[in-house]
Amino acid sequence: MRASIAETAIDAVIDRYRRMIYGIALTHTRNLHDAEDAFQQTFLIYLEKNPVIRDEEHRKAWLIRTAIHCCRKITGSTWRKKTVPLDDAPEASFTFASRAENDVYQAVRALPATYRSVVVLYYFAGESTAEIAAALRISGAAVRTRLVRARKLLKSQLEGDYFD
């Protein structure tokens, strides 16, 4: 059975942006299950809305904004605010290969959302400050300011372990 052109196109978009969108979702929702939900919602919305895309930069910016919006919907839902996590349930988590990677990941997760977004996009997705500014619809100066502030917070969080 042959895949339709639309299925092939969405598969190509998912393959291209999988790591970036999942990274954004994971750092914003702070758990695997919600990150997977946000990831899926992002691409479902993309498929349903079928936005008019000018170029790849526009597609990337659209996906980033949509992913952040999906994360905010998940983490800010009324249901979530009125529930209490089960202390006895094992937490679904993962670990990186080294202690340093785990520590950095935990420190990035602890950042406020505005800083977390720019750090993930700049350091993990390899975006330039101009690309981040376009994707988040903020100025380049705001992106650079957030990066400086995020670095200070990360340094203070990691200082005892790595900066002595």
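What you see is a predicted model; the values in this text were computed from it and never measured. In this chain, numbering begins with 1 at the start of the sequence shown.
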Quick test of your reading: applying ring-ring contact (aromatic ring centres under 6.0 Å, His included), list the pairs with at least one residue in residues 49-72, sequence neighbours left out, ordered by first then second residue. Tyr46-Trp62

Please, which pairs that meet salt bridge (Lys or Arg N to Asp or Glu O under 4.0 Å) have at least one residue in residues 40-64, sequence neighbours excluded? Arg16-Glu56, Glu56-Arg59, Glu57-Lys60, Lys60-Glu127

Apply side-chain contact (heavy atoms from CB on, under 4.5 Å) to Phe124 and Arg19, showing your working. CA-CA 9 Å; Phe124 300 110; Arg19 292 188 65 179; over 6 Å; no

Cluster overlap Val120 with Val148, hydrophobic side-chain contacts below 4.5 Å: no

Contacts of Ala110 meeting side chain to side chain contact (heavy atoms under 4.5 Å, CB included) (sequence neighbours excluded), chain-then-number -> Gln157

Locate the shortest heavy-atom distance separating Phe43 from Ile10; write the atom from each residue and the value. O-CD1, 4.3 Å

Atom CD1 of Ile74 and atom CG of Asn31: how far apart are they, to the nearest 0.5 Å? 9.0 Å

When you compare the side chain of Val143 with that of Tyr122, does any pair of heavy atoms fall below 4.5 Å? no

Of all heavy-atom pairs linking Glu131 and Gly126, the shortest is OE1-O, 4.4 Å

Calculate, to the nearest 0.5 Å, the distance between atoms CD and CZ belonging to Gln106 and Arg30 respectively. 10.0 Å

Which atoms form the tightest heavy-atom contact between Ala67 and Ile24, and what is the distance? CB-CG2, 4.3 Å

Is any side-chain N of the basic residue among Asp103 and Arg99 closer than 4.0 Å to the acidic one's carboxylate O? yes

With sequence neighbours left out, the residues meeting side chain to side chain contact (heavy atoms under 4.5 Å, CB included) with Arg144 are Thr129, Ala141

If only atom types and distance count, is the side chain of Arg116 paired as donor or acceptor with the main-chain N or O of Val108 below 3.5 Å? no

Point-to-point distance, once rounded to the nearest 0.5 Å, from CZ of Arg65 to CG of Leu63: 9.5 Å

Between His28 and Ser117, what is the shortest heavy-atom contact and its length? NE2-OG, 2.7 Å

side-chain contact (heavy atoms from CB on, under 4.5 Å) between Leu136 and Ile68, worked out: CA-CA 9 Å; Leu136 298 179; Ile68 291 171; 3.4 Å; yes

Can you give me the closest heavy-atom contact between Ala38 and Cys70, atom names plus distance? O-CB, 4.1 Å

Any chance you could lay out the side-chain contact (heavy atoms from CB on, under 4.5 Å) test for Ile138 and Arg146, step after step, and finish with the verdict? CA-CA 11 Å; Ile138 59 176; Arg146 289 178 186 185; 3.5 Å; yes

Would you give the length of the straight line joining atom OH of Tyr22 to atom CD1 of Ile14, rounded to the nearest 0.5 angstrom? 14.5 Å

In Å and rounded to the nearest 0.5 Å, what is the CD to CD1 distance from Gln41 to Ile21? 13.0 Å

For Ala125 and Met20, which heavy atoms make the closest approach, and how far apart are they? CB-CG, 3.7 Å

For Ser139, all residues meeting side chain to side chain donor-acceptor pair (under 3.5 Å), sequence neighbours excluded: none

Who passes side chain to side chain contact (heavy atoms under 4.5 Å, CB included) against Leu153, sequence neighbours left out? Leu111, Pro112, Tyr115

Please tell me if the side chains of Thr29 and Asp37 come closer than 4.5 Å, counting only heavy atoms from C-beta onward. no

